[in-house]
Amino acid sequence: MGCLEFLKDFFLGFWDYETPKVMVVKDRKLGVIYRAVQFLVITYFIWHVFISQKAYQETETRPESSVYTEMRGVAMLGDSVQDTTEYVRPSEGGDVISTILRREVTQDQTQSTCAEHYSVANANCTKDFDCTQGEMDFDGHGQRTGRCIPYYNYTFKTCEIKTWCPIEEYAVVRQAALEQAINFTVFIKNAIHFPKFKVLRGNIKPNKPKKLLRCHYHPETNPYCPVFSLGFIAEQARENFSELCRTGGIIGVFINWKCDFDVDPSECIPTYSFRRLDMRKNLSSSGYYYRFAKYYHKDGVEYRTLIKAYGIRLDVIVHGHAGRFSLIPTIINTVTAMTSVGICSIICDWIMLTFIDKNEVFSEKKFDDVFKKPSQPITTDLTLTSYGSTHSDLSDGVPL
């Protein structure tokens, strides 16, 4: 029966109507708390939501963007002149561009047989039986022939392989770093389109192309000159340029467009930031390098020069955010702000009923159960006044 009574009370109580009751509480502490919470809520919506976040605007955060890059500079490496053809990859430019700062070169490799490097697993041997013909190791350099031969001019032996000989680890020549590359410059041209607002912006002024040949970027004096030296980029990314020459590295170039189209669109100017993207701190994945080869023929035999290049790779990443006044988000956020003010009453009610109302004085005043009482029957007093005889006997049929 207890469960049925509970369900019955719940069902009947579901159809009750609740309305707030206005009660003035003469308590100074509670009043101060109420006004303080009101002030915080209103300040949050006015300062953070409407002024800082511009919640009254319609926004677009996924614009269309294009990037073109070009590196400039000439340097001397020994007696050799290094120009952009020598050290820039790829040459056509794009949102990713790299420059070679140091090379490790293996000259005159040709397809033949030679000894495997001793660091490869199971490469060390004493007799031919230790080398399996046709076997290829994932970390090795080629296919084993089944012979055990001396490791070049050393006394120990390793398995013979068929590959490009001599192998890189044995014949590599490490060249000096291109320290003069610190003065190389990178030109980054960026155009961005906000299709929702039909606004197209660029980071250079089209009427001053010659100025770009002799300027460098500065956020205040030259905001429309996206020309950066590699030394400036390394400094902004908090990296040592000499260390980058030794190990290489990947640096992100972030172009940030934050535009307010409630004002003149010409005031929409990008900002630039730089950050190291690859892992470092003596990890095997630290740095940036890649290999490529230059092929040539001599006496009818194909040769190649293998180059392991260390350098700086620049990844240009564009972020865009634009806004313009719109009535719909303004109404939505205004209603949200007005509704949130009601939190103040909930907090103060909880404080009042939990910490202040020790004798349940306030709770008795705040919560009332009102029932509709049935109306009382109306009682009518009837007074009869008779004139003449007060007796009539109609039962005998005698007329009065």
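All residue numbers refer to positions in the sequence shown, counting from 1.
Nearest heavy-atom pair across Ile149 and Cys114 is CD1-C, 4.0 Å. Nearest heavy-atom pair across Ala115 and Ile167 is O-CD1, 3.8 Å. The two residues Asn333 and Ala55 come nearest to each other via the heavy atoms ND2-O, 3.1 Å. Listed here is the closest heavy atom pair of Ala234 and Leu244: CB-CD1, 4.0 Å. Across all their heavy atoms, Met76 and Gln180 have their closest contact at N-OE1, 3.1 Å.
Expressed to the nearest 0.5 Å, how far CD of Glu235 lies from CD1 of Ile182 amounts to 9.0 Å.
Under the 4.5 Å side-chain heavy-atom criterion for grouping Ile, Leu, Val, Met, Phe, Trp and Tyr, Val318 is not connected to Tyr224 through any hydrophobic cluster.
Every residue two or more places apart in sequence or in another chain that forms a disulfide (SG to SG under 2.5 Å) with Cys148 is listed here: Cys125. With sequence neighbours excluded, the residues forming a side-chain hydrogen bond (donor to acceptor under 3.5 Å, both in side chains) with Ser266 are Asp264, listed by chain and number. The disulfide (SG to SG under 2.5 Å) check on Cys344 picks up nothing, with sequence neighbours excluded. Residues forming a side chain to side chain contact (heavy atoms under 4.5 Å, CB included) with Phe156 (at least two apart in sequence, or on another chain): Tyr118, Asn124, Tyr151, Tyr154, Thr158. Listed by chain and number, the residues in a side chain to side chain contact (heavy atoms under 4.5 Å, CB included) with Val172 are Glu104, Thr106, Glu168, Arg174 (sequence neighbours excluded). Partners of Asn183 by side-chain hydrogen bond (donor to acceptor under 3.5 Å, both in side chains), not counting sequence neighbours: none found. For Ser273, the side-chain hydrogen bond (donor to acceptor under 3.5 Å, both in side chains) test picks out no residue, with sequence neighbours left out. Annotation: side-chain hydrogen bond (donor to acceptor under 3.5 Å, both in side chains) contacts of Tyr272 (sequence neighbours excluded): Asn203. The disulfide (SG to SG under 2.5 Å) check on Cys245 picks up nothing, with sequence neighbours excluded.
For the salt bridge (Lys or Arg N to Asp or Glu O under 4.0 Å) condition, no pair includes a residue of residues 109-125, sequence neighbours left out. For residues 178-206, the pairs satisfying ring-ring contact (aromatic ring centres under 6.0 Å, His included) are Tyr87-Phe184, Phe194-Phe261, Phe197-Phe261, with sequence neighbours left out.
At distances below 3.5 Å, at least one donor-acceptor pair connects side-chain atoms of Ser229 with backbone N or O atoms of Phe232. Using modelled atom types, no side-chain atom of Arg144 and backbone atom of Cys131 make a donor-acceptor pair closer than 3.5 Å.
With 3.5 Å as the limit, one finds no donor-acceptor pair spanning the side chains of Lys54 and Tyr56. Residues Asp130 and Thr126 bring a donor and an acceptor atom of their side chains to less than 3.5 Å of each other. Side-chain contact of Thr69 with Asp95: a donor-acceptor pair under 3.5 Å is absent, judged by distance alone. Under the 3.5 Å distance criterion, with hydrogens and angles disregarded, a donor-acceptor pair is assigned to the side chains of Gln82 and Ser80. Side-chain atoms of Gln109 and Arg304 include a donor-acceptor pair closer than 3.5 Å. Side-chain polar atoms of His321 and Glu60 form no donor-acceptor pair below 3.5 angstrom.
The hydrophobic cluster containing Tyr295, built from Ile/Leu/Val/Met/Phe/Trp/Tyr side-chain heavy atoms closer than 4.5 Å, also comprises Trp164.
The cationic group of Lys298 lies under 6.0 Å from the six-membered ring centre of Tyr303 and within 45° of the ring axis, placing it in a cation-pi geometry. A cation-pi arrangement is absent between Arg313 and Tyr290 under the rule of less than 6.0 angstrom and at most 45 degrees off the ring axis.
In this structure, the side chains of Leu277 and Asp315 come closer than 4.5 Å at one or more pairs of heavy atoms.
Across Phe228, Phe254, Tyr217, a single residue satisfies ring pair (Phe, Tyr, Trp, His ring centres under 6.0 Å) together with Phe274, and that is Phe228.
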